[in-house]
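Please read the structure below before turning to the comments.
Hydrogens, waters and symmetry mates are skipped; everything else that's a heavy atom, side chains included, is used. Here is the naming used below: chain letters follow the sequence lines, and residue numbers restart at 1 for every chain.
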Amino acid sequence: MRTTQYLLGTLKENPANAEVVSHQLMLRAGMVRRVAAGLYTWTPTGLKVLRKVEQIVREEMAAAGALEILMPMVQPADLWQESGRWEDYGPELLRLKDRHQREFVLGPTHEEVISELVRKEISSYKQLPMNLFQIQTKFRDEIRPRFGVMRSREFIMKDAYSFHTSDACLEKTYQAMYDAYTRIFTRLGLNFRPVIADTGSIGGDMSHEFHVLASSGEDAIAFSTESDYAANVELAEAVAPSTPRDEATQELNKQATPNVKTIDDLVSQFNVAIEQTVKTLIVHGTDDHGEPTLVALVIRGDHSLNEIKAAKIKGVLSPLVFATEEEIQAAVGAGPGSLGPVGLKLRTIVDRSAAVLSDFVTGANDDGYHYFGVNWERDAACTEVEDLRDVVEGDPSPCGKGTVRIARGIEVGHIFQLGTTYSDAMKVSVLNESGKSQNLAMGCYGIGVSRIVAAAIEQHHDDKGIIWPEATAPFQVCILPMNMHKSVRVKEVAENLYSELQAAGFDVLFDDRKERPGVMFADMELVGVPHTIVIGERNLDEKAVEYTARNSSEKVKMPIEDVVSYLKGL
RNA sequence: CGGCGAUUAGCGCAGUUUGGUAGCGCACUUGGUUUGGGUCCAAGGGGUCGCAGGUUCAAAUCCUGCAUCGCCGACCA
């Protein structure tokens with residue numbers, strides 16, 4: 001491709017409204033343009049990268065035995081009503097009507113459509129297992145789209161769905177997908193980790209997320225320092241402390257703390273260690289008779305509540321709903337800044353780490369007062385102990401080996417064993433070997449294709465621009481002729497090399513613009529082309545050109561006739 | 001949905017406090033100059049100042065409403 005015939009679209013200045021580096025670079029390198037919130041046009045350079053990612057995903061899915069299909073983006077509402085998600089999905093599901101006033105949705109995912117297909121097409125266990133995938137545009141009406149294509153409303157996803165007559169068979173395909181995903185992200189040149197994940201609203205038993213490690217990632221991941229264990233912090237277990245609770249040494253005493261509204265106030269004004277404080281959070285729940293009630297959750301002052309863990313406790317509303325200040329006042333008689341387990345008349349669930357404290361400090365359920373020297377059993381009941389908090393750096397690893405380290409990741413893939421949730425709702429069944437109708441076990445496997453492009457840039461860039469891994473670079477090589485418009489020799493060598501490289505199968509960008517050298521260098525570095533050949537009068541007397549790799553500052557002078565074989569050998 | 005902020009040329013911004021008929025840099029066009037790291041000089045094109053209403057002799061500027069966009073939070077395969 002010649003730059004004079006190409007839409008390069010590079011920007012010298014950083015666009016406003018682009019927060020993360022991948023978003024900035026995608027705009028500056030001319031890969032995408034914003035159309036509306038969370039909606040982007042992929043311009044030629046961006047589309048080339050996107051297609052390369054798609055192709056790798058497609059090849060590895062096919063190699064793992066999945067069959068490619070293409071389902072519609074617009075889906076009839078009745079399928080969603082059948083699965084129950086018409087009600088459950090909420091405002092993220094964009095609903096629309098056609099000219100006959102029939103209701104449709106813009107597909108955020110395709111479990112319903114695939115179930116509809118499979119229940120019609122597959123009728124015998126002999127046709128199973130089957131794994132079908134597509135690479136399709138999805139639409140999710142995100143509350144807050146951000147970070148460019150990283151969290152957009154319209155995005156491209158590879159989604160696969162597998163169907164089985166037994167859990168053992170599902171597990172086998174699940175493992176095959178796990179392995180395929182590992183190959184895909186390896187081929188893409190990404191530093192990634194599979195992590196144990198929450199199954200979330202989609203349900204099911206077993207789930208892994210694949211995360212590209214990057215400081216800008218939206219998810220926190222807990223790793224073991226000594227094993228392969230990795231889990232999303234949402235899910236990672238905070239192991240119960242092995243040391244038993246110390247004996248009480250202090251008397252319970254109530255002190256006036258008029259200016260204390262938060263744990264930080266308490267720590268700074270009364271000289272107590274934050275680890276010796278306890279905070280109490282009030283959430284909505286139901287009692288044994290299913291009646292609405294409030295539940296108190298107690299965690300150590302320096303820890304933070306894990307809402308997913310809390311919501312999984314029986315009798316706690318899921319998703320978690322915090323009590324309002326008015327509700328707390330009505331139930332306890334004190335404001336949120338003065339709550340504590342002593343004398344509290346609500347069901348109280350204590351976090352494992354809070355449960356081993358002694359002589360601790362907590363609110364007195366009386367505005368402006370705290371209890372000091374509090375001890376469990378003696379001063380407050382501690383009957384229910386659960387894992388309620390996020391793990392923190394230095395905790396013992398849940399796997400039993402090493403301690404926890406926290407890193408940030410961008411979720412680029414997610415695989416689930418769904419079981420029969422959808423096939424029960426959608427009646428996806430076949431006749432099994434004994435001639436009985438059986439609902440199918442199902443797995444689903446997603447990869448955020450467009451998100452991968454952004455994630456790759458987060459991981460591979462410097463202050464000059466993008467540094468594409470070989471596999472996803474928009475062009476493999478670029479030719480930069482110095483003052484070609486003044487030098488017949490330079491033009492001739494550049495044109496010849498351009499033809500030769502193309503003939504040898506390289507995707508090459510030939511910068512034939514009448515631009516100053518600095519402009520060309522800056523643009524090619526911004527776009528991130530991995531290999532650059534510079535042709536200038538300076539070296540032509542020796543019939544030589546100069547090679548540089550994007551990921552190195554080293555300049556290599558080489559004879560013109562060696563260029564093709566040199567690049568082939570890389 | 002709550003809090004905060006923004007909206008002036010294709011992009012990045014100044015001008016708004018104190019009302020007086022719109023400016024800078026980049027990009028673009030033309031001519032010259034320069035030529036291995038975003039040259040320099042000159043000339044030029046491009047704006048219903050987000051929209052609607054109001055105040056005023058006069059509104060980018062003051063007032064009211066709305067829209068769009070972004071940040072933080074809540075939410076989310």
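Distance from the side chain of A/D523 is smallest for B/G38 among the nucleotides B/G38, B/G36, B/C13. For A/N17, the listed nucleotide lying nearest its side chain is B/C69; candidates were B/G36, B/C69, B/C72. Nearest nucleotide to the A/A16 side chain, out of B/C13, B/C69, B/C71: B/C13. Among the nucleotides B/A77, B/C13, B/G36, the one closest to the side chain of A/H414 is B/A77. If you check B/G38, B/C11, B/C71 against the side chain of A/E13, the one that comes closest is B/C11. The listed nucleotides are B/A74, B/G36, B/A77; the one nearest the side chain of A/R140 is B/A77. Listed nucleotides: B/C76, B/G36, B/C11. Nearest to the side chain of A/R151: B/C76. For A/N539, the side-chain atoms get nearest to B/G36 when compared with the rest of B/G12, B/G36, B/A77. Of the candidate nucleotides B/A74, B/G36, B/A77, B/G36 has the atom lying nearest to any side-chain atom of A/E546. Side chain of A/F416, nearest nucleotide from B/C72, B/A77, B/G38: B/A77.
The pair A/R183-A/E60 meets the salt-bridge criterion, since a charged nitrogen lies less than 4.0 angstrom from a carboxylate oxygen. Taking 4.0 Å as the cut-off between side-chain N and carboxylate O, A/D562 and A/K543 do not count as a salt-bridged pair. A salt bridge links A/R58 with A/E68: at least one charged nitrogen is closer than 4.0 Å to a carboxylate oxygen. Between A/R513 and A/D511, at least one side-chain nitrogen of the basic residue sits less than 4.0 Å from a carboxylate oxygen of the acidic one, meeting the salt-bridge criterion. A/R489 has a carboxylate O that lies under 4.0 Å from a charged side-chain N of A/D541, or vice versa, which qualifies the two as a salt bridge. Using a cut-off of 4.0 Å between Lys/Arg side-chain N and Asp/Glu carboxylate O, A/E54 and A/K158 are scored as not salt-bridged.
Counting any heavy atom pair closer than 4.0 Å across all strands shown, A/A37 reaches sugar-phosphate atoms only and no base atom. Residue A/R34 is classed as a sugar-phosphate contact, given heavy-atom separations below 4.0 Å to backbone atoms only. Counting non-hydrogen atoms under 4.0 angstrom, A/E411 reaches the backbone sugars and phosphates but no base. Residue contacts for A/F322: at a heavy-atom cut-off of 4.0 Å it reaches no nucleic acid atom on any strand shown. Contact annotation for A/K138: no contact, since no heavy-atom pair falls under 4.0 Å across all strands. Nucleic acid contact class of A/M520 (heavy atoms, under 4.0 Å, all strands): none.
Nucleotides B/A58 and B/A74 place their P atoms 50 Å apart, quoted to the nearest Å. A gap of 36 Å separates the P atoms of B/A6 and B/A42, to the nearest Å. One C1' atom belongs to B/C51, the other to B/A60, and the distance between them is 14 Å to the nearest Å. The gap from the C1' atom of B/C24 to that of B/C66 amounts to 32 Å, rounded to the nearest Å. With both ends at atom P, the span from B/G38 to B/C71 equals 34 Å, rounded to whole Å. For the P atoms, the distance from B/G37 to B/A22 is 42 Å, rounded to whole Å. Of the P atoms belonging to B/C62 and B/U7, the separation is 12 Å, rounded to the nearest Å. Nucleotides B/C69 and B/A77 are separated by 24 Å at their P atoms, to the nearest Å.
Aromatic ring centres of A/Y178 and A/F210: separated by under 6.0 Å.
Look at CG on A/L418: it is 13 Å from P on B/A77, rounded to the nearest Å. Atom-to-atom, CG of A/L526 to C1' of B/G37 comes out at 14 Å; the value is rounded to the nearest Å. If you take NZ of A/K514 and P of B/G31, they are 9 Å apart, rounded to a whole angstrom. Here the C1' atom of nucleotide B/C24 and the NZ atom of A/K12 are 15 Å apart, to the nearest Å. A straight line from CG of A/N306 to P of B/C75 spans 11 Å, rounded to a whole angstrom. A/M482 has its CE atom 12 Å from the P atom of B/G38, to the nearest Å. Nucleotide B/G38 holds its P atom 14 Å from the CZ atom of A/R513, rounded to whole Å. A/R28 places its CZ atom 11 Å from the C1' atom of B/G38, with the value rounded to the nearest Å.
Contact between A/G217 and A/R408 at its shortest, heavy atoms only, is O-NE, 2.8 Å. When all heavy atoms are compared, the tightest approach of A/V490 to A/P481 is CG1-CB, 3.7 Å.
Of the nucleotides present, B/C28 is the one that pairs with B/G44 by Watson-Crick or G-U wobble criteria, both distances under 3.5 Å. When both distances must be under 3.5 Å, the Watson-Crick or G-U wobble mate of B/C75 does not exist. Across the strands present, B/U7 finds its partner in B/A67; the criterion is a Watson-Crick or G-U wobble pair with both atom distances under 3.5 angstrom. When Watson-Crick and G-U wobble pairs are counted only if both distances are under 3.5 Å, B/U33 pairs with no nucleotide at all. Look at B/A14: it lacks any Watson-Crick or wobble partner with both distances under 3.5 angstrom. Nucleotide B/G20 is matched to B/C57 when pairs are restricted to Watson-Crick or G-U wobble geometry with both distances under 3.5 angstrom.
For the pair A/G446 and A/V534, nearest-nucleotide mapping onto RNA chain B gives the more 5' position to A/V534. Mapping A/L11 and A/Y89 onto RNA chain B by nearest heavy atom places A/L11 at the nucleotide closer to the 5' end.
In this model, the phosphate group of B/C69 is not approached by any side-chain N or O of A/R146 to a distance below 4.0 Å at OP1 or OP2. Look at A/R538 and you won't find any side-chain N or O under 4.0 angstrom from OP1 or OP2 of B/G36.
Residue A/E525 places a side-chain atom within donor-acceptor reach of the base of B/G37, judged by atom type and a 3.5 Å distance cut-off alone.
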